[in-house]
Amino acid sequence: MKIAILPGDGIGTEIVEQAVRVLKVLDLAFESETALVGGAAYEAHGHPLPEGTLKLAQAADAILFGAVGDWKYDKLERALRPEQAILGLRKQLGLFANFRPALCYEQLTHASSLKPELVAGLDILIIRELTGDIYFGQPRGRRTAVDGHFPGAEEAFDTMRYSRPEIERIAHVAFQAARKRSKKVTSVDKANVLETFQFWKDVVTEVHAAHYQDVELQHMYVDNAAMQLVKAPKAFDVVFTGNMFGDILSDEAAMLTGSIGMLPSASLDKNGKGLYEPSHGSAPDIAGKGVANPLATILSAAMMLRYSLNQPAAADRIESAVKAVLSAGLRTPDIWSEGTTKVGTREMGDAVVAAITGKTITTKT
Ligand code: NAD
């Protein structure tokens, strides 16, 4: 097993360090190699996704990714901004299926901004299409308007588009994932306004009718889905949607679980090779302070073992260790509540390692 480790920027380096420590105590035979990506790669090599980093990612069986970005790069031309590295990796590696489980651990029901009874036991899976939609559609750019409300004015435009095969392949992923859960899929669209999403809805309906009649399919407009996610989140099981809606809804779902610092993700290609990363960004506001929650990254490493490296027992060990640490009352500041023990990034990593190796979880305040 060869794992490419790409920590990135901001808290990326701090949280990936903890996930790697956790992987190392599992006694698995794996090789790993680390490379720069994002702003760190731009500083060293003048590009956020240097050739060497891309080659390493292509050659690996799986990629563990931290996060990229910093406000200081906002003035760079778009192609050189750190965020282009993650978009480039998704595109170059064909990582079209993004899995974001949103699980509310029983110990964290009070860390959610919703009432505990609304989120207790929450277990939903958001499946987001990752290589199409308005994030990749061409043409895009700036120009002088020739029509619209202000002809002659400066304007910007992007292109929302999905092809039939793109929708079909993500629909298969969603329905197959639902078969391993409670066989219920909510496809989120904006078919009432957007041609692209009327097409999405039509194709999803066809795939369902032809192959997945055993799975319950519901269609929902994205504005309603955003509302239902905070009104009655447990009514969902698999929520499946396009790139932009999935980006927004998965952050919303993150807050149901207590903190975005708890939410792992997997981005898979058609063969199951994947890039694993927390759902959050590089959090420049807390970078370098040693307070970032590493659990989303540690849980992403567990997803990597399960989905790409065929090590489900090791994945279970990580997930059980995370539950044990939460049961012991340890909390980084983002999930802290009265009566629990506040710890930093490294101490949280220490505790997960201790839980895996069977040592007593010690708490320091
Ligand atoms: P963010 O996810 O970095 O942070 C949002 C808020 O959540 C911040 O208050 C942050 O402190 C908090 N937060 C995030 N992760 C946390 C953790 N593990 N523990 C505790 N608190 C945590 O989003 P943002 O502030 O909008 O973006 C910051 C940078 O990250 C930008 O440059 C953005 O483009 C980039 N970004 C990168 C990715 C990626 O690498 N895949 C994803 C999203 C944003």
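Whatever order the structure lists ligands and atoms in, that order sets their numbers, starting from 1. Here the structure is a predicted model, which is why all the values come from computation and not from measurement.
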Next item on the list: Pick, from Trp71, Phe65, Tyr73, the option with the minimum heavy-atom distance to atom 25 (O) of ligand 1.
Entry: Trp71

Checklist line | Electrostatic pair Arg143-Glu155, nearest N-O below 4.0 angstrom | finding: yes

Notebook entry, point to check: At a 4.0 Å threshold, what atoms of ligand 1 neighbour a non-hydrogen atom of Ile260?
Noted result: 7 (O), 13 (N), 14 (C), 15 (N)

Note to self: Yes or no, since that's all I need: does a protein heavy atom fall within a distance strictly under 4.0 Å of atom 5 (C) of ligand 1?
What the structure shows: no

Notebook entry, point to check: In the protein, which heavy atom is nearest to atom 3 (O) of ligand 1, and how far is it?
Noted result: Ala283 N, 2.8 Å

Next item on the list: Anything under 30° is parallel, anything over 60° is perpendicular, the rest tilted; go ahead and classify Tyr73 against Tyr42.
Entry: perpendicular

Next item on the list: Compute the shortest N/O to N/O distance between Ser282 and ligand 1 and return yes if it is under 3.5 Å, no if not.
Entry: yes

Notebook entry, point to check: Atoms of ligand 1 less than 4.0 Å from Gly281 heavy atoms?
Noted result: 1 (P), 2 (O), 3 (O), 30 (O), 36 (N), 37 (C), 38 (C), 42 (C), 43 (C), 44 (C)

Margin query: Tell me whether Arg179 forms a cation-pi arrangement with Tyr212, defined as NZ or CZ under 6.0 Å from the six-membered ring centre and within 45 degrees of its axis.
Written below: no

Next item on the list: Determine, for Arg346 against Glu17, whether the closest basic-nitrogen to carboxylate-oxygen distance falls under 4.0 angstrom.
Entry: yes

Check: Side chains of His219 and Thr205: is there a donor and an acceptor less than 3.5 Å apart?
Finding: yes

Check: Any protein heavy atom lying closer than 4.0 Å to atom 37 (C) of ligand 1?
Finding: yes

Notebook entry, point to check: Hey, does Ala292 sit under 4.0 Å from ligand 1 if you only count heavy atoms?
Noted result: yes

Checklist line | Identity of the nearest option to atom 31 (C) of ligand 1, non-hydrogen atoms only, from Met262, Glu83, Glu277 | finding: Glu83

Notebook entry, point to check: Does the pair Asp316/Arg306 count as a salt bridge with the N-to-O cut at 4.0 Å?
Noted result: yes

Next item on the list: Look at atom 19 (N) of ligand 1 and find which of Asp9, Ile15, Asn293 reaches it with the closest heavy atom.
Entry: Asn293

Check: side chain to side chain contact (heavy atoms under 4.5 Å, CB included) with Phe240: which of Ile126, Val173, Val204?
Finding: Val204

Note to self: Once you restrict to heavy atoms under 4.0 Å, what part of Thr332 touches ligand 1? Side chain, backbone, both or neither.
What the structure shows: neither

Item checked: The one among Met255, Met348, His280, Arg90 that brings a heavy atom closest to atom 15 (N) of ligand 1 -> His280

Margin query: For Tyr162 and Phe197, take the angle between the two ring planes, folded into 0 to 90°, and tell me which bin it lands in: parallel under 30, tilted 30 to 60, perpendicular over 60.
Written below: perpendicular

